[in-house]
Amino acid sequence: MQSNTDIVISSRIRLARNAAGLKFPAKLEPERAKKLPREVYAAVSRTGRFTLRYVEALSEIEGGVLKEKHLVSEDLLHNAESGAAVINEDETVSIMVGEEDHIRLQCILSGQDFRSAFETADRIDDDIGKKIAYAFDPNLGYLTACPTNLGTGMRASAMMFLPGLSILNALEACVEAVARLNMTIRGVYGEGSDSAGYRFQVSNQHSLGVTESELLDAVEMSIGHIEDAELKAREVLYKNGSTGIRDKIQRAYGILTNAYVLSSGEFTQAMALCKLGAFYGFIKFSDPERFEKLMVDAQPASLQSISEGALLPETRDIFRAAMVGKVLRSIS
């Protein structure tokens with residue numbers, strides 16, 4: 001087995017901010033709400049290359065692609081009246097305007113790199129703050145629509161791949177352990193969503209009474225604890241029946257490279273097993289980044305976008321099977 005792994009898929013820093021003197025988005029007058037995206041765009045476009053995307057101008061497929069890339073949330077897509085996203089050129093920074101708070105600024109980087117993500121988010125936050133005065137209280141910190149975001153307004157989260165803990169039904173113990181560090185474990189798309197392909201978000205629960213540095217320390221400590229537990233779980237899984245797990249993995253690879261029809265759920269589960277197979281050394285992928293990109297490209301909205309046509313569910317699954325098989329055979 002390999003001695004290292006990519007358990008942490010990505011690191012995200014999200015800052016929640018509201019403009020001083022304005023009602024929260026749920027109560028803000030529509031005409032005033034429509035002006036806010038342009039103000040945010042003007043504040044950040046002076047120091048970087050950004051694109052302003054209004055929700056009302058997005059097609060269903062375009063909105064779905066942005067959601068699958070974690071650049072926008074479902075809540076933002078529901079705000080067709082005044083919602084917008086300001087996204088940088090390489091799609092590592094997304095600023096949602098008109099979601100639960102006036103501004104939800106996030107930076108997402110591959111792997112475990114919270115410090116760099118925070119430095120980027122903090123710099124852009126300063127750029128916006130120079131043009132838009134933030135709602136701030138000396139005792140409560142940044143004022144937010146949800147009380148759990150008071151204080152720094154920051155959420156630090158990691159997307160983690162945890163097949164060992166999931167298969168052994170040992171994730172609950174990790175949830176209880178990290179809860180003591182003000183951390184929680186959620187599904188792929190955040191609170192209320194399901195896990196998919198053994199992927200989970202680990203993030204802080206509250207931001208009041210702690211500094212940004214303390215939050216970063218806590219999330220890194222929690223991730224280290226979960227990583228150790230996941231590696232031990234993978235060892236147990238291997239020792240308890242390497243033949244059985246190898247058979248499941250190679251069957252999954254066979255499905256992905258030979259299926260004529262491939263549903264989204266079957267694809268996600270089989271890809272997760274192949275990713276675990278790469279860890280054990282049962283399968284070798286020459287381009288791990290292309291493997292990860294395929295996880296997004298084969299999602300429903302992204303698939304529709306790539307095909308440049310309106311695919312019916314059954315033809316979409318055929319298109320997915322052909323694309324996935326071709327990509328995996330080229331890198332394995």
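None of the values given here were measured: they were computed from a predicted structure.
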Peer 1: Tell me, yes or no, whether the heavy-atom count around E60 atom CD, taken from other residues, nucleotides or ligands under 6.0 Å, exceeds 12.
Peer 2: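 Check fails, neighbour count at 12 or below.
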Peer 1: Could you list the donor-acceptor pairs under 3.5 angstrom formed by side chains in residues 49-57, with sequence neighbours left out?
Peer 2:
none

Peer 1: Check for me whether K275 meets the cation-pi criterion with F291, that is, NZ or CZ under 6.0 Å from the six-membered ring centre and within 45 degrees of the ring axis.
Peer 2: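 Output no; distance or angle outside limits.
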Peer 1: Under the side-chain contact (heavy atoms from CB on, under 4.5 Å) rule, what do L105 and I95 come out as? Steps first, then yes or no, please.
Peer 2: CA-CA 4 Å; L105 161 63; I95 307 165; 3.6 Å; yes
Peer 1: Please verify the inter-ring angle class for F161 with Y198; under 30° counts as parallel, over 60° as perpendicular, anything in between as tilted.
Peer 2: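 Ring orientation, 0 to 90° scale: tilted.
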Peer 1: Output yes when a side-chain donor or acceptor of Q112 lies under 3.5 Å from a complementary backbone atom of S11, and no otherwise.
Peer 2: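 The answer is no, because no donor-acceptor pair under 3.5 Å joins these two groups.
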Peer 1: Decide yes or no on ring pair (Phe, Tyr, Trp, His ring centres under 6.0 Å) for Y280 and F282, but give the supporting numbers first.
Peer 2: CA-CA 6 Å; Y280 286 130; F282 299 154; 5.5 Å; yes
Peer 1: Who passes salt bridge (charged side-chain N to carboxylate O under 4.0 Å, His left out) against K23, sequence neighbours left out?
Peer 2: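 Testing K23 for salt bridge (charged side-chain N to carboxylate O under 4.0 Å, His left out), a comparison that skips the adjacent residues, returns E29.
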Peer 1: State, with a plain yes or no, whether a side-chain heavy atom of K34 is found less than 4.5 Å away from one of E81.
Peer 2: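 Result yes, sub-4.5 Å side-chain heavy-atom pair found.
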Peer 1: Taking the side chain as C-beta and beyond, is there a heavy-atom pair between L262 and D317 under 4.5 Å?
Peer 2: no
Peer 1: So, using side-chain hydrogen bond (donor to acceptor under 3.5 Å, both in side chains) as the criterion, who are the partners of S302 when residues are at least two apart?
Peer 2: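 For S302, the residues satisfying side-chain hydrogen bond (donor to acceptor under 3.5 Å, both in side chains) (neighbours in sequence not counted) are E68.
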Peer 1: Look up atom CD in E214 and atom CE in M154, then write down how far apart they are to the nearest 0.5 Å.
Peer 2: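 E214 atom CD to M154 atom CE measures 10.5 Å (nearest 0.5 Å).
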Peer 1: If you round to the nearest 0.5 Å, how far is CG of L15 from CG of N149?
Peer 2: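 Rounded to the nearest 0.5 Å, the CG-CG separation comes out at 10.5 Å.
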Peer 1: Going by the rule side-chain hydrogen bond (donor to acceptor under 3.5 Å, both in side chains), which residues pair with T47 if we only count those two or more places apart in sequence or in a different chain?
Peer 2: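 D127.
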Peer 1: Just wondering, are more than 12 heavy atoms of other shown residues or ligands nearer than 6.0 Å to CZ in R32?
Peer 2: yes
Peer 1: Applying ring-ring contact (aromatic ring centres under 6.0 Å, His included), name anything that partners Y41, two or more places apart in sequence or on another chain.
Peer 2: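 Listed in chain order: nothing, the list is empty.
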Peer 1: Can you name the residues that form a side-chain hydrogen bond (donor to acceptor under 3.5 Å, both in side chains) with S222, not counting sequence neighbours?
Peer 2: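 Result, side-chain hydrogen bond (donor to acceptor under 3.5 Å, both in side chains) vs S222: none returned.
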